[in-house]
Amino acid sequence: METVVSGIRPTGNLHLGNYFGAVKNFVKMQENSNAFFFIADYHSLTTHPTPVNLHDHVRSVLAEYLACGINPEKACVYVQSDVPEVIELYLLLNMNAYLGELERVTSFKDKVRQQPENVNAGLLTYPTLMAADVIIHKAAKVPVGKDQEQNLEMMRTFARRFNRMYKTDYFPIPQAYNFGETLVKIPGLDGSGKMGKSEGEGNAVFLVEDPKSIRKKIMKAVTDSGPTMPNQEKPAVIQNLFDLMAVVSSSDTVLHFDALWNSCEIRYGDLKKQLAEDVIHFTEPIRERILDIYKDTDYLSKVTRNGAERARESAAKTIKDVREIIGIRKF
Ligand code: TRP
């Protein structure tokens with residue numbers, strides 16, 4: 001069975017874009033792979049060094065993952081900081097990671113621009129920690145979005161370099177796994193393109209959001225002045241709303257509004273009202289599960305304890321082998 005690893009930083013709540021972009025696929029992948037899904041709390045310290053309540057962020061994201069259907073009986077679900085073996089591998093990989101290549105990573109350069117007051121070593125070595133996350137389980141596949149491509153390339157470089165330097169074929173070279181055709185882009189509500197937590201208030205619909213707030217956000221979504229000719233191509237802001245509808249509404253609903261668009265009889269207010277109700281219909285059961293799971297400290301503690309145990313078992317084996325390969329031995 002193929003091993004897959006993926007992680008998410010606990011820096012915000014999951015939104016519809018996360019759900020349809022990745023989480024839905026994790027749920028599918030846990031069925032027929034040896035799946036590890038973890039909360040990258042160490043990684044979040046590279047941008048949020050003194051979080052007000054890191055533990056609570058980890059709890060939220062964990063509850064959200066589980067509420068979406070990630071099943072801890074199938075996938076190994078754990079918190080990065082519960083698996084110290086990852087950090088040992090991170091240190092060992094850092095010995096063969098070079099300043100020049102790390103400085104050239106686009107996401108590092110972006111962060112330097114965004115937080116010039118905090119260009120820390122963790123930020124620079126973000127890709128080595130990410131590589132350690134993945135190759136600690138000797139994973140073959142990493143399901144990530146396009147934004148992580150370069151981090152993935154670095155990961156491959158580090159795995160290849162380890163094999164070359166220590167004359168071994170120990171680490172498989174991990175591959176990006178883009179879910180084939182099922183990776184859909186979920187547009188945001190502000191007309192700027194992608195749904196994302198960093199794009200500003202009003203852009204993303206969060207899974208944990210209450211119906212009233214969802215209605216308000218969707219009613220405020222950007223539109224235009226309406227079609228002027230039959231069968232006109234939709235401008236991006238309108239296509240965005242239809243794209244969202246395509247994932248949450250029935251095909252009849254989509255066809256209905258499409259026909260109204262084509263005959264220039266569409267009323268955006270009606271479309272948004274319907275869209276809001278369909279989004280709520282979709283998110284409400286997830287939200288209820290999030291709130292239940294979030295409160296259930298016993299359950300969360302059991303899941304993370306089991307997850308850490310399984311992850312550490314896998315990780316410890318790798319560290320034992322890696323120490324042996326490098327020549328770190330007991331007397
Ligand atoms: N960098 C990823 C993100 O920001 C999170 C992450 C950390 C990750 N370690 C990983 C993803 C390992 C996949 C594999 O989304």
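Ligands are counted one by one from 1 in listed order, and the atoms in each one are counted from 1 as well.
A cation-pi geometry, defined here as NZ or CZ lying under 6.0 Å from the six-membered ring centre and within 45° of its normal, holds between K234 and F242. Geometrically, R59 engages Y294 in a cation-pi contact defined by less than 6.0 Å to the ring centre and at most 45° from the axis.
Residue P10 comes nearest to V61 through the heavy atom pair CA-CG2, 3.9 Å, listed as atom of the first residue, atom of the second, then distance.
For atom 10 (C) of ligand 1, the nearest protein heavy atom (residue, atom name, distance) is M130 CG, 3.4 Å. Annotation: atom 9 (N) of ligand 1 to nearest protein heavy atom, D133 OD2, 2.8 Å. Nearest protein heavy-atom neighbour of atom 1 (N) of ligand 1: Y126 OH, 2.7 Å. Scanning all protein heavy atoms for the shortest distance to atom 3 (C) of ligand 1 gives Q148 NE2, 3.4 Å. In this structure, the protein non-hydrogen atom closest to atom 5 (C) of ligand 1 is G7 O, 3.5 Å.
Heavy-atom contacts of V144 reach the following atoms of ligand 1: 11 (C), 13 (C) (cutoff under 4.0 Å). Heavy-atom contacts of R9 reach the following atoms of ligand 1: 3 (C), 4 (O) (cutoff under 4.0 Å). Interface of H43 with ligand 1, defined as ligand atoms under 4.0 Å from a residue heavy atom, comprises 7 (C), 9 (N). Atoms of ligand 1 found under 4.0 Å from any heavy atom of V134, numbered from 1 in the order shown, are 12 (C), 14 (C). Close approach of ligand 1 to V142 is summarised as follows: ligand atoms under 4.0 Å from at least one heavy atom of the residue are 13 (C), 14 (C).
Contact annotation for Y42 and ligand 1: no heavy atom of the residue comes within less than 4.0 Å of the ligand. Contacts of D147 with ligand 1, taken as heavy-atom pairs under 4.0 Å, are absent altogether.
With 3.5 Å as the limit, one finds a donor-acceptor pair spanning the side chains of T125 and Y90. For S314 and H137, the side-chain atoms include at least one donor-acceptor pair closer than 3.5 Å. Using a 3.5 Å distance cut-off with no hydrogens or angles, the side chains of D243 and Q239 do pair a donor with an acceptor.
Taking the six-membered ring wherever Trp is involved, the centroid distance between the rings of Y268 and F257 does not fall below 6.0 Å.
Of the charged side-chain nitrogens involved, at least one lies within less than 4.0 Å of a carboxylate oxygen, so that D321 and K317 count as a salt-bridged pair.
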